[in-house]
Structure formats: C-alpha cells, structure tokens
Amino acid sequence: MITEVATVTFDELELDCGVTLAPVDCAYETYGTLNAAKSNSILVTHAFSGDAHAAGEGGWWSNMIGPARVSTPISTL
C-alpha cells in the first residue's frame, strides 16, 4: 500500500468558543492512488491525538484501513 505523508498550514483557525489559533499545522496521510473520478477517497477524522498515522505498520487504525478491510483505499473501487 502506497503511503504519503504531508502537512498543510492554515494561517488561523477560529474555534466555536471564539478563540483563534494561529498558525495551525495539520498532518495527513494518503494511501493508494486516487482514481480519475476521485471517487475512492475516504476522510477519517479523529480526536486530536497528535498522530496522523492511521494505517499500515504501527497505524492506530490499521485493522480498519487497507486491502481487504472495511476502508480499502485502492483505485479499483
């Protein structure tokens, strides 16, 4: 399974309570290959664990994400 790690930085993030955090770095991982229709993507949100590693070796959701699992990030879906 192809895994890529990346980050995106938001200049600021306003919370519901009115507090603004700035800047905010968010890490994410992608698995597999996005198909031409972009219909095989899955967004997994989770609590602020400080760890974006969800699938593969050592991932906190490895039993749910991957080939032959509930969420299969492959281009043939």
Excluding sequence neighbours, so at least two apart, what forms side chain to side chain contact (heavy atoms under 4.5 Å, CB included) with Thr9? Pro23, Asp25

Which pair of non-hydrogen atoms, one from Lys38 and one from Leu34, has the smallest distance, and what is that distance? CG-CD2, 3.6 Å

Quick one: side chain to side chain contact (heavy atoms under 4.5 Å, CB included) partners of Val19, sequence neighbours excluded? Leu15, Cys17, Leu21

Using the test side chain to side chain contact (heavy atoms under 4.5 Å, CB included), find all partners of Ala22 that sit at least two apart in sequence or belong to another chain. Glu12

